[in-house]
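A short write-up of the structure that comes next.
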There are 2 protein chains.
Amino acid sequence: MGPVKQILIVDDEAPIRQMIAVALEMAGFECIEADSAQLALEKIINNKPDMVLLDWMMPKMSGIELARRLRSSEQTADIPIIMLTARDDEDHKVHGLEAGIDDYITKPFSPRELVARLKSVLRRVTPRGVDNAVEVDGLILDPISHRASADGHALDLGPTEYRLLQFFMTHQDRAYSRTQLLDMVWGGNVYVEERTVDVHIRRLRKALGKRHQYLVQTVRGTGYRFSTQTQ
Amino acid sequence: MGPVKQILIVDDEAPIRQMIAVALEMAGFECIEADSAQLALEKIINNKPDMVLLDWMMPKMSGIELARRLRSSEQTADIPIIMLTARDDEDHKVHGLEAGIDDYITKPFSPRELVARLKSVLRRVTPRGVDNAVEVDGLILDPISHRASADGHALDLGPTEYRLLQFFMTHQDRAYSRTQLLDMVWGGNVYVEERTVDVHIRRLRKALGKRHQYLVQTVRGTGYRFSTQTQ
DNA sequence: TAAATTTGTGACAAAATTGTTACAGGATCA
DNA sequence: TGATCCTGTAACAATTTTGTCACAAATTTA
């Protein structure tokens, strides 16, 4: 599911850092570590991680302070932050949310919990780059400008193909019968041959080009499915 | 980076308003708040905010209702609106887009996401101000002198073409239906054929000349779009 | 393997959409 | 008031899209 996400772990205690790193790597993430806020700043600028796990309490610059700095710079303002804290204190939570923290984890935590929360934040944060645009493996569809593009260059879609693609991109990994597609994409009360769907599928595939054909999969005896996973 | 933008937050729940306000202020925006659509109307007229963040569900007048009202008044028609909604429902999104909503954010959202979307809309909706000229690829429209020029020499535009161009230049990269254009450019309560829009589009294109025709793009089956990007 | 299903493809004519032009009535302005 | 400019419509032309068909290719079934 997309490229490997890189996570920066910031904590002054080495054992904790490593425990987290192991857990994340087992879950398929790539880790970088920093033992101080100073070093973290450097690594963030150099590596542009997809997320920062930040210890609340650290010598010199505190986690909250670092978070504030990240938020205030245009370049780093978009990087999600999860705060690790020993306190269960409500005040601090509120305070943290104000600083633009995306989630909290209270020590001690289980590796599984950490991974779950992390994934949840990534899910919430990543897919929404800008607008309501949907993106799948280089395919972008933006309902606001009403445009679709593959690997940067525009797709030439007829109205029906556009609607079909939009439906698929917002309903992935599920097989639909021709009848269902007619209902959802054409609109309930039209009478058209079921085979018409095949023709439009064909047109959509053609427009998508070689590189993205695989996304529109035929499910024999049933209908079609849109998915990044190979059949 | 330009003057400070003023954002009006309309939501009946104080904690949400404040959460948003803090996030926006950290991002360098100035906030006004309103806990009802009624109050919002007042504040909009008095303060002329640069954007309105609007909760979908509110007692008395709903967000969508308020949005409609803003659109129908000449003075408030071009204030960008972002809708906050708890529903993830496609239907509502479409519905909202038609009512002239500029973007949607589904609760729960992270402060960062909110700021990102907000900036994106502000970028797209560009300097809607009364006093500053807008420029797009050699096309200049100056609201003060009420003139438009392309590559230096003046354009010969009728009043309607001028308003159409102004609307387009301040609402780039977004597809509008003929109905929406009638609402936004002609003003809500006139009855004119949809095809009239096509004729004025044609006149505008003609006036723009070969070099700038490409800016006014037709979105088949939908309407028109103004954008520097090739289709 | 042959027969039967199911899906892929290209062609085509009808239908829908958009571009373009001309024109009559209003509005505007000197 | 007369001339000029603008606007909305209608009519027609150009273009694009759409649904079907007929046939090919692929897959399953017997």
Side-chain angles (χ1 to χ4, degrees), chain A residues 146-148 154-168 175-210 212-226 231, chain B residues 146-148 154-168 175-210 212-226 231:
Chain A
H146 207 275
R147 268 195 279 229
L155 292 184
D156 182 28
L157 299 176
T160 306
E161 281 73 61
Y162 178 88
R163 289 202 308 279
L164 189 55
L165 179 59
Q166 177 170 39
F167 176 80
F168 272 144
Y176 290 96
S177 72
R178 293 172 176 73
T179 308
Q180 285 177 302
L181 288 174
L182 284 176
D183 273 0
M184 315 284 261
V185 177
W186 272 251
N189 37 19
V190 285
Y191 173 67
V192 266
E193 292 294 321
E194 290 207 340
R195 292 302 309 279
T196 298
V197 173
D198 299 54
V199 177
H200 281 278
I201 288 280
R202 149 80 173 147
R203 288 169 180 160
L204 176 56
R205 281 175 171 157
K206 203 170 182 178
L208 287 182
K210 278 242 160 53
H212 292 99
Q213 300 241 357
Y214 79 99
L215 289 166
V216 180
Q217 305 167 353
T218 119
V219 184
R220 240 196 182 237
T222 304
Y224 298 93
R225 171 181 52 207
F226 187 90
Q231 317 221 29
Chain B
H146 209 268
R147 263 195 287 239
L155 291 184
D156 182 29
L157 297 176
T160 307
E161 280 73 61
Y162 178 85
R163 288 203 310 280
L164 188 55
L165 180 59
Q166 170 164 267
F167 176 79
F168 271 144
Y176 289 97
S177 71
R178 294 173 175 73
T179 309
Q180 285 178 301
L181 289 172
L182 285 175
D183 275 359
M184 316 281 256
V185 178
W186 273 251
N189 36 20
V190 283
Y191 172 68
V192 264
E193 291 294 321
E194 290 205 343
R195 291 304 307 279
T196 299
V197 173
D198 299 52
V199 177
H200 282 277
I201 287 279
R202 148 85 172 143
R203 289 169 180 159
L204 176 56
R205 279 175 171 157
K206 203 170 182 179
L208 287 182
K210 278 241 160 52
H212 291 100
Q213 299 241 3
Y214 80 99
L215 289 166
V216 180
Q217 305 169 353
T218 120
V219 184
R220 271 234 152 204
T222 301
Y224 298 93
R225 171 182 53 208
F226 188 90
Q231 310 225 34

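So you know, we letter chains A, B, ... as the sequences are listed, proteins then strands, and number each from 1.
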Residue closer to the 5' end of DNA chain D, A:P159 versus B:E193 (nearest nucleotide): B:E193
Chain B footprint on DNA chain D, 5' to 3' - any atom under 4.0 Å from a heavy atom: D:dC6 to D:dT17
Residue pair B:G221 / A:P159: nearest heavy atoms and the distance that separates them: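 Here B:G221 and A:P159 meet closest at CA-CG, 4.3 Å.
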Whole-Å distance separating the CD atom of A:Q217 from the C1' atom of C:dT7: 15 Å
Excluding sequence neighbours, so at least two apart, what forms side-chain contact (heavy atoms from CB on, under 4.5 Å) with [X]?
{"X": "B:Q213", "answer": "B:R205"}
{"X": "A:T160", "answer": "A:R163, A:W186, A:H200"}
{"X": "B:A207", "answer": "B:L157"}
{"X": "B:E194", "answer": "B:R178, B:T179"}

Listed partners of A:Y214 passing ring pair (Phe, Tyr, Trp, His ring centres under 6.0 Å), at least two apart: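 Per chain and number, A:Y214 pairs via ring pair (Phe, Tyr, Trp, His ring centres under 6.0 Å) with no residue.
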Under the ring pair (Phe, Tyr, Trp, His ring centres under 6.0 Å) test, residues paired with B:Y224 that sit two or more places apart: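 Per chain and number, B:Y224 pairs via ring pair (Phe, Tyr, Trp, His ring centres under 6.0 Å) with no residue.
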Between protein and nucleotides 24-30 of chain C, what N or O pairs are separated by less than 3.5 Å?
none

All side-chain hydrogen bond (donor to acceptor under 3.5 Å, both in side chains) counterparts of B:E193, not counting sequence neighbours: B:Y191
With A:T222 via side-chain hydrogen bond (donor to acceptor under 3.5 Å, both in side chains) - residues at least two apart: none
Sugar-phosphate only, base, or nothing, as touched by A:E161 at under 4.0 Å among non-hydrogen atoms: sugar-phosphate
Footprint string (nucleotides 11-20 of chain C, 5' to 3'): B base within contact, S backbone only, - free, heavy atoms under 4.0 Å: B-----BBBB
With B:R203 via salt bridge (Lys or Arg N to Asp or Glu O under 4.0 Å) - residues at least two apart: none
